Amino acid sequence: MSRRRTTPATRGVVVSWAAVVLVAAFVAAVLPGTAATAADRGALRTTITSVSPTRMTDDSKVTLAGRVTNVGKTPWTDAQAYLVVRPTPLGSRADLADAISTDAGYAGPRVVDAGLFDEIGDLPPGASRSFRVSVPAGRLPISGADGVYPVGVQILATDADGGRTSRSVSRAVTLLPHMSGDHASAPTTVVWPFFMPVGRAASGRLMELDTMLTAIRPGGRLRNLLDLAMSRDEDGRGVIVDPALVLATDTLAAGRGAPDVAESDRRAAARFRDDLVAIGSGPSAWVLDFDRTDVLSLVGDAARRRRLLGAVERATESVVQEFGLSGRRVSWPVSGGVTRTLLATLRARGDDPVVVNSSDLSRWQDTAGSLVEIPTPGGDLPLLVNDDLVGDLPGTSSGATLRQEVLASSAFASLSRDADPGSRAAAVVVVDPFWNPRSDDPVGPDSAAWTAPFSTPTDLAAVARDATYTGSVPRTTDAKVLPAALLAAADRAYRAGDLLGSASDDNEAVDDARSRSVAGVLGVRWHTDPAAGTALAREVSRRVTTDLRSISVMGPTAVTLSSSEGGFPLTITNNSKETVSVGVRLSSSNPALQLPEQAPVEIAAGERLTTTVEVDLRQQNATTVTAQLVTPDGRAFGTTSEFNVRSSSVGVVLWATMAAAGLFVLVALARRFGKRRSSRPATPSGADDD
């Protein structure tokens, strides 16, 4: 460990800076919360866009450049930018966390010497001004010890009433490593997530189309993020791809679902799709659950969870297969949404990793590494720990501050390995998926600026995962979950779609589309608008249920057979949009009468088919028959049709009885007529006629 020499020429600087430190401490004591005030009274937004050098040395000149934007309604005048730096370095992530919890915005004393601060000028509402402050190392109030120095810029200005105090009205802080001599080399990985920015309607149309197009056009948020990821070396990179985003850009490129998209936007979508597939098709690419499924919402009902996660799996796999994505699957629960039950549920699906925040693991330490195993009842489950190093530091993120975060993480991991040869500390930086990098941030294409002698670029597939996390995990959580009504509607949609898929004629594309529709209502995105998510889920359910109900069976109102045996017609109508194969299950009101089930028949979309059912009532005079549609695998669906069936064999008996009765009458008449003739008196032979 080296120290900067103190020469007679610099002693006065050191003494003067000691006074500045005392003054700063006095101001902080007299004005509670002065240093920690994060809210900018006039809504000035400060961004550091350039840091030079990326690693401080004893003879370097530290230069910070960036911009200040007035996003509020208050005008500011005579704005000045001052460089601030912490006098002593931080040696670990824990030290940084403690410093931030004490005061996130107070990096250290200001450098106020003439010529070492920048006169920005006036900042009316909506205006943006650039700044550049540069201070030689010899004039920095630092110890020179190895570690990570918080360094930043504070803005002083006069408000609209003419008031001006020593309090900063805006600030931004980043991290600057100072690592002289030999240090252990730490594995370093930058993970780039790509989330779907908008949802889809039940019809498949992209919601907020303009938002989507703006994000993937040149200069857009997602386009800039993808360009930045592609500019980094593969050796130190990881990628997490949402398959819903790949599918959406393919939809736009082909003009499906949005026919009014301009040709230039189609080309932009095609380019984005191709670049995302290329970067998401290597061993260091992980595939997210479709549209970032909120698994926490599904842990309660085992049967429903099995069905809905089945839809998510099919939706994800269909995109993986169609576009040739590779890599492991990964789940990403919401922050604060990690529980024992959730992890056990995810382990039951397999041993794919889960992204969790370090705050969800109460006893995680970086010495265990960033990819750890956690025991569950179903076996060990890998967790990628996202330890946000700078999330609470003031200022707007930029490519430059991201690079400094990576270098600072490497420095902390290196110092941990120096202190403990058994340490598995690594620098795994998960980029904020909602970060909006500006295309004019001068981060530079040189990948060497992102690495250092104390870091070893490591791709995500090679990150070690041999440590076991044995700390506690919460049993319960207050994190948001999706509404019960949304989940119920999604479940109805899945079950109806599953029946329809079983009946359809092996239409894989249609089945995939239905699974994507169901998975699309299960995303974390609906936490911000649960009412809209519930309405969407109900509409998806209504559409699928309507398709299922459009397949029907109808029998005659009543049937009279000429004998105990005979046939009657059944008509199956298919008003759905796909060819189906369905059978008919017949049941009788008389349990003793067994009716044959009709074998499945194929019916094209929009057509109907009439078939004759043969039946033998045997000794039964009449019965009520129920006709029910069934899928080829025997599952019943749709409404039933009921009708009466009678046998006309009773007429034969009646005619026979009538014939017998008629014969009896004839015989009786004949006998009576015969008796009358035999009772008449005879005339004697030879008697005279008087």
Side-chain angles (χ1 to χ4, degrees), residues 189 191 193-195 238-244 246-247 280-334 337-357 360-361 369-386 428 430 459-470 473 487 490-491 494 498 511-512 515-516 518-520 522-524:
T189 309
V191 181
F194 294 92
F195 287 2
V239 180
I240 297 178
V241 177
D242 186 345
V246 177
L247 188 66
S281 299
S284 290
W286 289 356
V287 179
L288 190 66
D289 284 334
F290 192 91
D291 211 9
R292 196 187 176 193
T293 303
D294 181 23
V295 184
L296 179 63
S297 297
L298 305 177
V299 299
D301 187 325
R304 175 181 291 175
R305 178 177 68 245
R306 184 176 60 254
R307 290 190 292 266
L308 294 183
L309 288 182
V312 171
E313 175 63 24
R314 175 154 194 157
T316 304
E317 183 63 22
S318 66
V319 180
V320 167
Q321 293 297 325
E322 182 176 353
F323 295 95
L325 300 177
S326 60
R328 305 189 65 178
R329 302 294 176 81
V330 60
S331 297
W332 195 327
V334 295
V338 177
T339 65
R340 296 183 188 180
T341 305
L342 173 71
L343 296 180
T345 298
L346 292 173
R347 182 61 183 86
R349 299 174 64 191
D351 63 348
D352 293 326
V354 183
V355 180
V356 299
N357 290 339
D360 292 324
L361 307 176
S370 296
L371 190 60
V372 298
E373 303 273 2
I374 186 169
T376 74
D380 290 344
L381 180 69
L383 304 179
L384 179 66
V385 182
N386 178 20
V428 177
V430 181
D459 62 51
L460 188 57
V463 174
R465 49 176 277 190
D466 53 352
T468 299
Y469 174 74
T470 57
V473 175
L487 298 177
D491 191 40
Y494 172 83
D498 186 47
D511 291 343
D512 291 343
S515 295
R516 294 165 185 169
V518 173
L522 300 174
V524 170

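Basis for what follows: all heavy atoms, side chains included, without hydrogens, waters or symmetry-related copies. When a residue number appears, it is its place in the shown sequence, counting from 1. Note that the structure is a prediction, hence the values are computed from the model and not measured.
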Could you grab the distance from atom CG of Asp294 to atom CG of Leu308, nearest 0.5 Å is fine?
11.5 Å
Would a 4.5 Å heavy-atom cut-off, applied to side chains only, mark Val354 and Val338 as touching?
no
With rounding to the nearest 0.5 angstrom, report the OG1 to CG distance, Thr293 to Leu288.
7.5 Å
Are any side-chain N or O atoms of Arg292 and backbone N or O atoms of Asp242, one a donor and one an acceptor, separated by less than 3.5 Å?
no
Okay, side chain of Ser284, backbone of Ala461: is any donor-acceptor separation there less than 3.5 Å?
yes
Minimum side-chain heavy-atom gap Val356-Tyr469 below 4.5 Å:
no
Does any non-hydrogen side-chain atom of Val473 lie less than 4.5 Å from one of Leu361?
yes
When rounded to the nearest 0.5 angstrom, what is the spacing between CG in Leu487 and CG in Leu522?
7.0 Å
Over all atoms of both residues, closest heavy-atom pair of Ala311 and Val518:
CB-CG1, 3.9 Å
Heavy-atom closest pair (Asp360 atom, Val334 atom, distance to 0.1 Å) is OD2-O, 4.5 Å
Just by modelled atom types, is the Phe290 backbone N or O under 3.5 Å from a matching donor or acceptor in the Thr316 side chain?
yes
Taking all non-hydrogen atoms of both residues into account, name the closest pair between Gly280 and Val241 and its distance.
CA-CG2, 3.9 Å
Side chains of Thr345 and Leu298: closer than 4.5 Å at any heavy-atom pair?
no
Least distance between heavy atoms, Thr189 atom then Leu460 atom:
CG2-N, 4.0 Å
Nearest 0.5 Å please: distance from the CG atom of Asp352 over to the CZ atom of Arg347.
9.0 Å
Rounded to the nearest 0.5 Å, the CG atom of Leu371 sits from the CG atom of Leu383 at a distance of 8.0 Å
Smallest separation among heavy atoms of Asp291 and Ala244, with atom names
N-CB, 3.8 Å
Under a 3.5 Å distance rule, please check whether Arg328 uses its side chain to pair with a backbone N or O of Trp286 as donor and acceptor.
no
Do Ser318 and Arg516 have side-chain N/O donor and acceptor atoms under 3.5 Å apart?
yes
Using the side chain to side chain contact (heavy atoms under 4.5 Å, CB included) rule, take Glu322 and Asp512 through it: C-alpha gap first, then chi angles, then the decisive distance, then the call.
CA-CA 11 Å; Glu322 182 176 353; Asp512 291 343; over 6 Å; no
May I ask you to say whether Asp289 pairs ionically with Arg329, meaning some side-chain N is under 4.0 Å from a carboxylate O?
no
Quick one: does Ser370's side chain have a donor or acceptor within less than 3.5 Å of a partner on Val385's backbone?
no
Just how far is it from atom OG1 of Thr376 to atom CZ of Arg340, taken to the nearest 0.5 Å?
12.0 Å
Heavy-atom closest pair (Pro243 atom, Val287 atom, distance to 0.1 Å) is CD-CG1, 4.0 Å
Apply side chain to side chain contact (heavy atoms under 4.5 Å, CB included) to Phe195 and Val524, showing your working.
CA-CA 11 Å; Phe195 287 2; Val524 170; over 6 Å; no
Any donor-acceptor pair under 3.5 Å from Asp459 side chain to Ala462 backbone
yes
Short N-O contact, Arg307 and Asp491, less than 4.0 angstrom
yes
